[in-house]
Amino acid sequence: MKVLAIDTSNYVLGVAIVDEEKVIGEVITNLPKNHSVRVMPTIEQLMKECGIKPKELDKIVVAMGPGSYTGVRIGVTIAKTLAWSLQIPLVGVSSLEVVAANGRYFNGFISPLFDARRGQVYTGLYQYEGKALTCVEEDKIILLSDWLEELKKKETPVLFIGNDLVIHKEQIETDLDQLAYVAPYTDWNPRPSELAELGLKKEPVDVHTFVPNYIRLAEAEANWLGKRQG
């Protein structure tokens, strides 16, 4: 089964083609550039380099958020369009889960995080049980101080992972002390091949009703709803 995986949910642009247990090709960049003009050329170039034609794809897997509102929308829109036009299954995977997958050799909890500004983070809690990555606590947006307080009560080592660790590393290590472990920076990027692997194990979604998981509304949407309700 040939799977095309797409992740544009944050600065990282990731595209991979996986065939069962073989990574045929993978592209990752971590740059503050416009995904809307880069992702389709990246997909086309990777498929050309790998000698894969669109009709040979069996499944599309996309990182569905949380993350950048615009970035998430770009990836999901392209994935839905490809899945619909090729008439193949579509699978959505948590963007945080993709990052957590990089902590597969850690014996404890894994807390992937993206900065959400104003002292908040997008995060969740994951753990490997054997070879399977399991969700201990669902993805959420929360004040980092509150999240660290919750984790402290669990009295279990926690691996923190993600590109926004540079913003929060000092507070994490101060508040959790010896319970806090910070993944090496080489593991911070979400890998699209891991996204594909996770997607292979999940059930397809309905292409027409599938929507991103933003977790919270964009500020403009929240203000609009507030005015409507007011």
Side-chain angles (χ1 to χ4, degrees), residues 3-16 26-43 46 59-85 89-102 111-118 120-126 133 135 137-142 161-165 167-168 188-199 202-225:
V3 177
L4 172 65
I6 305 166
D7 187 354
T8 62
S9 54
N10 287 286
Y11 279 151
V12 172
L13 184 154
V15 178
E26 184 171 29
V27 175
I28 305 172
T29 61
N30 184 12
L31 302 167
K33 290 187 176 181
N34 192 340
H35 291 330
S36 64
V37 298
R38 299 177 62 230
V39 62
M40 280 307 301
T42 300
I43 292 171
L46 181 61
K59 181 181 285 188
I60 305 293
V61 180
V62 65
M64 60 184 289
S68 157
Y69 295 107
T70 302
V72 173
R73 275 194 284 263
I74 290 168
V76 168
T77 300
I78 289 173
K80 290 179 66 170
T81 302
L82 288 172
W84 179 81
S85 61
L90 171 67
V91 174
V93 178
S94 160
S95 302
L96 288 165
E97 185 178 359
V98 181
V99 179
N102 289 345
S111 177
L113 61 82
F114 305 144
D115 182 59
R117 300 182 181 179
R118 301 174 183 172
Q120 300 176 106
V121 294
Y122 295 113
T123 190
L125 202 61
Y126 295 83
L133 181 63
C135 181
E137 290 194 26
E138 295 292 335
D139 296 348
K140 66 186 78 176
I141 182 170
I142 187 172
I161 192 165
N163 281 307
D164 291 335
L165 276 175
I167 303 171
H168 303 291
W188 291 359
N189 283 340
R191 293 193 58 192
S193 55
E194 291 284 6
L195 171 60
E197 169 68 11
L198 292 168
K202 297 182 185 293
E203 291 296 316
V205 297
D206 179 76
V207 173
H208 299 291
T209 60
F210 176 62
V211 294
N213 179 22
Y214 298 121
I215 294 185
R216 72 174 178 185
L217 293 175
E219 186 174 353
E221 293 171 308
N223 291 339
W224 181 81
L225 284 173

State, to 0.1 Å, how close [X] and [Y] come at their nearest heavy-atom pair, and which atoms those are.
X	Y	answer
Val39	Ile74	CG1-CG2, 4.1 Å
Ser111	Leu125	CB-CD1, 4.2 Å
Lys59	Lys202	NZ-O, 4.0 Å
Trp188	Val99	O-CG1, 4.1 Å
Ser94	Tyr126	OG-OH, 3.6 Å
Leu90	Ala83	CB-CB, 3.8 Å

Gap separating the [atom1] atom of [X] from the [atom2] atom of [Y], nearest 0.5 angstrom:
X	Y	atom1	atom2	result
Leu13	Ile28	CG	CD1	10.0 Å
Asp164	Thr123	CG	OG1	11.0 Å
Arg38	Leu31	CZ	CG	5.5 Å
Glu138	Asn213	CD	CG	9.5 Å
Asn102	Glu194	CG	CD	5.5 Å

Is the shortest heavy-atom distance from the side chain of Leu96 to the side chain of Pro66 under 4.5 Å?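 Answer yes - side chains close enough.
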Test item: Val93 and Val62 side chains (from C-beta on) under 4.5 Å apart, heavy atoms: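 No - every pair of side-chain heavy atoms lies 4.5 Å or more apart.
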Assess whether side chain to side chain contact (heavy atoms under 4.5 Å, CB included) is satisfied between Ile43 and Ile78, documenting all intermediate values. CA-CA 10 Å; Ile43 292 171; Ile78 289 173; 4.2 Å; yes
Who are the side-chain contact (heavy atoms from CB on, under 4.5 Å) partners of Ala63, not counting sequence neighbours?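 Checked Ala63 against side-chain contact (heavy atoms from CB on, under 4.5 Å); matches are Asp7, Ser9, Ser95, Leu195.
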Under the rule for side chain to side chain donor-acceptor pair (under 3.5 Å), what residues qualify as partners of Asn163, not counting sequence neighbours?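 Asn189.
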Which residues pass the side chain to side chain donor-acceptor pair (under 3.5 Å) test with Ser85, not counting sequence neighbours?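 None.
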Is it true that a side-chain atom of Asn10 and a backbone atom of Val12 form a donor plus acceptor pair closer than 3.5 Å?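 Answer holds: no.
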For the backbone of Gly71 and the side chain of Thr8, can you confirm whether one donor and one acceptor N or O come within less than 3.5 Å of each other?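 Present.
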With a 6.0 Å cut-off (strictly less than), is the heavy-atom count around OH of Tyr11, excluding the residue itself, greater than 12?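 Counting neighbours around OH of Tyr11, 12 or fewer heavy atoms of other residues, nucleotides or ligands fall under 6.0 Å, so no.
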